[in-house]
Each structure stands twice: as structure tokens, then as C-alpha cells.
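Just so it is clear, the model here is predicted, and its values are computed rather than measured. A, B, ... follow the sequence lines: proteins, then strands. Residue 1 opens every chain.
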Number of protein chains: 2
Amino acid sequence: MAKTPIPLTGAITQIKVACNDCTLFQLCLPVGLDRHELDLLDSIIQRRRPIDRGESLFSMREKFRSLFAVRSGSLKTYTLTEDGREQVTGFHLPGELVGLDAIGTGAHGCTAQALETTSVCEIPFDRMEELWARIPVLPRQIIDVMSNAMREENSLVTLLGKKSAEERLASFLLNLSERFSRRGYSSREFNLSMSRNDIANYLGLAVETVSRLFSRLQEEGVLVVDSRFVGVNDLERLRALAGSGAGASGRSANNGVV
Amino acid sequence: MAKTPIPLTGAITQIKVACNDCTLFQLCLPVGLDRHELDLLDSIIQRRRPIDRGESLFSMREKFRSLFAVRSGSLKTYTLTEDGREQVTGFHLPGELVGLDAIGTGAHGCTAQALETTSVCEIPFDRMEELWARIPVLPRQIIDVMSNAMREENSLVTLLGKKSAEERLASFLLNLSERFSRRGYSSREFNLSMSRNDIANYLGLAVETVSRLFSRLQEEGVLVVDSRFVGVNDLERLRALAGSGAGASGRSANNGVV
DNA sequence: CGAATCCTTGAACACCTTCAACAGGGGTGG
DNA sequence: CCACCCCTGTTGAAGGTGTTCAAGGATTCG
């Protein structure tokens, strides 16, 4: 989704560069655009050198200038509570847009930080607005993406509001699994780019709880875990655990919260 | 935001009916539209008879046809977990739009139910799309509204992920207080249109916990509570409680979750 | 190779839930 | 109009899930 090769820091050779050729075409914003419209969009998209693990793409309260699409790697977004606690609000894989929550106020509502070396497409928002007249479906695409994001957030709210620790982790892994498989990766084996800490934070749990859950799910034969690698042995069981917690574990069928 | 008087079921007389005259003008979608554009928007907006407490405006998985703006009264939206538990995802006051999360998929992702007798403006989405060419700022308005909604949801995620029970209730009351005051009502005295059950559900807590918290906040002189009426005695204290839980209560400064 | 960070595991504790019983309305039908 | 019921809301006691505290192992990176 960028128009010319990325300036290289190392020895990586970028090949797929234009939206036209981008493998993320089907996942990203340009879905539904014809060739001409694609070229127009392409012309405003800016490249950046890949950012390293730990670097921020933008920070909370910073002025909003651009949307970003993840091309490779992954990001986490997080907000801060009034007293400085961090809350991870999402993990973002290739093909996904970040920064959407900043449009309304003109300032970023969260910080976006790379979980690994990550390259993104930068879409300057003012230039994109100029394109709306010439690409009428573009605003509609944005609206669709935002609408889907809102629905995603609703499931996160449900997860945090109603699910037990085990259900949360199972749901999280299933969600990742689906997203990986939609990107052509295995849905049964993958490497987590985020730390246990990030996972725990995202799921509203303590790190220790997440760690214990990984261990237990491995003992029970549902998963194979090796530090950041996760293999799903029993997908059905994982689904059951994510749904209602009525799985084989000796856990009470409480109402989720706590 | 509707164009002719509402068909009356009782003896209520509707007066403010067109977007032009609507008192919610500043809160609703039409912000930033000129008179001509307002008339155009006005022409597609449909009236409905007010819906009664408990009635649904739309249901989860139902085909998406329209957005709705609350004109008077209030709504709750909720989703269901796989195993049928209900999770309240939001309360909606006059001037707020619901149904936005349905645009992307074409089917509603939540159910919207009236908490009291409520009247809404219905905005058929296909007709609204037709207007985009003639009112170029309209899609941008929608995007702004959605962006703000996403940010709102992020604070809910933070609330559920990081805050203790007391912080949750305090945050909830402050949020309501601000929204009421923006609508010209008192920020220090208001009536809740939702049950304790809905509040508890929304905050990811048990009803009993919410009830106990109301009692305690009253004992401590922060609130005056009389069933659904809430009076805020000590706004500063409520703010402190919402922020970090480092208030006067003898509560440990744990990390919130649980 | 040593420091730092991440991850894991164990034990005690705490916040909130669950279970239980009761009080207060509001509506319905006698 | 009162009695009854149903639902909502309150309060008390016991219990549990997940946290906190603590320490040790694993991994990374200078």
C-alpha cells in the first residue's frame, strides 16, 4: 500500500509496494476501489522506515495528522488512566488501520507502539479528505472499517465484563487464530508478538494469572506452549472454553466477572 | 430532527420537530450543516411513534436499515455472549446515535431497548447515502461521530480492565453527570433511567455490589441516593474516587481488576 | 558472562461474588 | 380499596476467583 520501495535501514528488500500489488489488498482500506481510484489513493500514501520494537507510531494527546495501516509486524495501542495505569486496548496485525479514534477530536486517544519491527503505510488525513470528492466510495470504506472496529470493541467489552479469566484467554487465542488464518498463516500454530504482560493487561488480568492459564491449558492438552509460540491441539475444546466455561476444567460456572 | 409532528398515542404534544428547530441540534448529526443541507437531511428522516419502556428499537442480527438518533428518553444497547449472557454496552441519551456498529456488516451487532418512553428519529441509511453527493460534509459528520464513539468505548474498556468497583461506579456517575449537563440538565442532580441491574451489568459487577456502593457513597456523604434519584454532594470527592481510588475509603490501592 | 527483563510457580490474602432473606413499590385483580 | 404478587433493590454472611507478595528459573542482550 505504499508507492515506492521503503528506504532500507538494514538489508531487507521491499518488493510489494503499491496498493495494486499489496498482498493486504483484501484486508486493508482499498477493498472495493477500482484501478484508477487505487492509483489516486496510492499517490498520497507515504512510506516510513520500519519502526523498531518499542518505538511509538504516535502518542496519546498528540495532534492527529494521519491514519496508519499496518503492512508487516504488529502494534499495540494503549491508553492511560487518570493516575497513569496503562490499558492495552488492541493488538493490530497487517492490514489493520489505527488512529481512527483520533479523527473526531483531532488528537490521538491512544498510543500506538510496535511490538516488533513493523512497517506501516501512512495516510495523511487532510489529503485523504481531498480525495473523497474524486473517490466517493472512500468515505464509505472508512465508515465500514470504523463500524467493524466498533463491533470488535463491543466484543472486547463483553469479554471484560462477563468472562472468566479462562474464557478471556481462550477467546483471545481464538481471535488471534482467526486473524492469522485470514492472513494466510496457520490458524493452529503461531508466534505471539506480545508479551505475557501485554496479554494480561489487554485481558484485564494479572500476568501471573495468564501464565498459570497457559500452563494449565498445556497440561490439559488444549495447547502446546513454548514461550511465545502457541500450538492449538484441541480447537474444539478451546472454543468451548471461550464460550461458556462449561468445558472439562474443574471450574465453577460463575457469571464471569471476577 | 423529524419533519412533522409525531403521531400521538397519548396526550403529549410534540413541538420541536424539524432538525432546524430541534433543541438537540448541537449534539446530533446536523452540526455543521447549513440551512439547505439541513432541509435535505430533514426530508429523509422518519418519525416513529414513541416506544415504550422495554420495547426494542432493533435487535441483534436483525438486518440493518436505519440509524437512529435519540430525541427524548433513553436507550440501552446490549449484546449476548455465545451462551446467552447479556452484556450492556451503552446507555444512550438524547442527541446520540445508535446502530453505527451495524453499517459494516449489514446486520445489527447489538439490541437497542428503551429504558423509558423514548422517541427517536429514524435515518434510513440507503437514503442517507444518496445524500452524500449533495451534502459532502455528511459522511465526515458520521465519521466524526463514530470516531468519538470509538474513543468512548476505549474508556469503557479501560474502566472494565483496570478499575475497582468503586472507581467504576464513580466514573459512571461522573460520565452521566457530564452528559446531562451538556444537555442543559443539572450535573449534580438527576434521575437514573436504568435499573441497578443494568448499571451492574454495564460495569461488569454484581447488582449487590452496586447497591452496596450506592449505600456507602451515601454514608460517606458523597451522594444522596433515593432509589433512582442521585444527588452529587461532593463532586471533587467523586472525581477522586473515579480516578485512582486513592480517596478517603479504607480500600487498598490494588490494580483494579477483580 | 552478568544485568535486566520476562516468565513461571507457590502461598496468603482480598475484593467481589454468590447465596439467602427481607423490605419497598407498583401494578393487577379480587 | 385492599390484598396479593412480582420485581427491584437492599443488606448480611460465606465462599471463591483472581490478586498480591515472594522467589526462583529462563531468556535476551549489552
Side-chain angles (χ1 to χ4, degrees), chain A residues 52-54 76 85 88 115-117 159-170 191-219 223 225-230 241 245 247 249-258, chain B residues 52-54 76 85 88 115-117 159-170 191-219 223 225-230 241 245 247 249-258:
Chain A
D52 292 330
R53 174 192 152 94
K76 71 170 173 181
R85 286 171 284 176
V88 175
L115 294 170
E116 57 194 311
T117 304
L159 181 144
L160 292 170
K162 285 280 163 300
K163 296 193 173 182
S164 70
E166 189 173 62
E167 291 174 303
R168 293 183 200 194
L169 185 60
N191 280 289
L192 304 171
S193 58
M194 66 290 287
S195 67
R196 297 283 191 273
N197 225 315
D198 288 334
I199 297 175
N201 189 311
Y202 177 67
L203 298 177
L205 300 169
V207 198
E208 294 93 329
T209 304
V210 170
S211 188
R212 275 185 257 269
L213 285 172
F214 269 121
S215 302
R216 197 170 72 203
L217 290 176
Q218 177 154 243
E219 276 172 28
L223 299 179
V225 183
D226 182 18
S227 74
R228 300 247 174 140
F229 170 84
V230 174
L241 292 177
S249 90
R251 183 154 286 239
S252 81
N254 80 327
N255 262 1
V257 182
V258 149
Chain B
D52 293 329
R53 174 192 152 94
K76 70 170 174 181
R85 286 170 285 175
V88 175
L115 294 170
E116 58 194 312
T117 304
L159 182 146
L160 292 171
K162 285 281 165 300
K163 295 194 173 180
S164 70
E166 191 173 59
E167 292 174 302
R168 292 184 200 194
L169 185 61
N191 279 290
L192 303 171
S193 58
M194 66 291 288
S195 67
R196 296 283 191 273
N197 224 316
D198 287 334
I199 297 174
N201 190 310
Y202 177 68
L203 298 178
L205 300 169
V207 198
E208 293 92 331
T209 304
V210 170
S211 189
R212 274 184 257 270
L213 284 172
F214 268 121
S215 302
R216 198 172 69 201
L217 289 176
Q218 177 155 240
E219 277 173 26
L223 300 179
V225 184
D226 182 16
S227 74
R228 299 249 175 140
F229 170 85
V230 174
L241 293 176
S249 90
R251 182 155 289 240
S252 81
N254 82 325
N255 261 2
V257 182
V258 148

Pull out every protein N or O sitting under 3.5 Å from an N or O of nucleotides 6-12 of chain D, one pair per line with the distance.
| residue | atom | partner | partner atom | Å |
| --- | --- | --- | --- | --- |
| D/dG9 | OP1 | B/R196 | N | 3.3 |
| D/dG9 | OP1 | B/R228 | NE | 3.4 |
| D/dG9 | OP1 | B/R228 | NH2 | 3.4 |
| D/dG9 | OP2 | B/R196 | N | 3.1 |
| D/dT10 | OP1 | B/R196 | NH2 | 3.2 |
| D/dT10 | OP2 | B/R196 | NE | 2.8 |
| D/dT10 | OP2 | B/S211 | OG | 2.9 |
| D/dT10 | O5' | B/S211 | OG | 3.0 |
| D/dT11 | OP2 | B/S215 | OG | 2.2 |
| D/dG12 | N7 | B/R212 | NH1 | 2.8 |
| D/dG12 | O6 | B/R212 | NH2 | 3.4 |

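Remark: A/R53 CZ is loosely packed, at most 12 non-hydrogen atoms of other residues, nucleotides or ligands lying under 6.0 Å away.
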* Tell me, with the steps shown, if A/E166 and A/L217 meet side chain to side chain contact (heavy atoms under 4.5 Å, CB included). => CA-CA 9 Å; A/E166 189 173 62; A/L217 290 176; 4.3 Å; yes
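Nucleotide D/dT17 holds its C1' atom 10 Å from the CZ atom of A/R216, rounded to whole Å. Between A/L213 atom CG and C/dT9 atom P the separation is 12 Å, expressed in whole Å. Atom P of nucleotide C/dC15 and atom NZ of B/K163 are separated by 18 Å, given to the nearest angstrom. Rounded to whole Å, the distance from CG on A/L203 to C1' on D/dT17 is 16 Å. Between the CG atom of A/L169 and the C1' atom of D/dT17 there is a distance of 15 Å, given to the nearest Å. One interatomic measurement links the two molecules: NZ of A/K162 to P of C/dC16, which rounds to 15 Å at whole-angstrom precision. Distance A/D52 CG to D/dC29 C1': 15 Å, rounded to the nearest Å.
The shortest side-chain heavy-atom distance between B/Y202 and B/N197 does not fall under the 4.5 Å cut-off.
With hydrogens and angles disregarded, no donor-acceptor distance shorter than 3.5 Å links the side chain of B/E116 to the backbone of B/S193.
A salt bridge between A/E167 and A/K162 is absent, with no side-chain N of the basic residue lying under 4.0 Å from a carboxylate O of the acidic one.
Between the side chains of A/K76 and A/N201, no donor-acceptor pair of N or O atoms lies under 3.5 Å.
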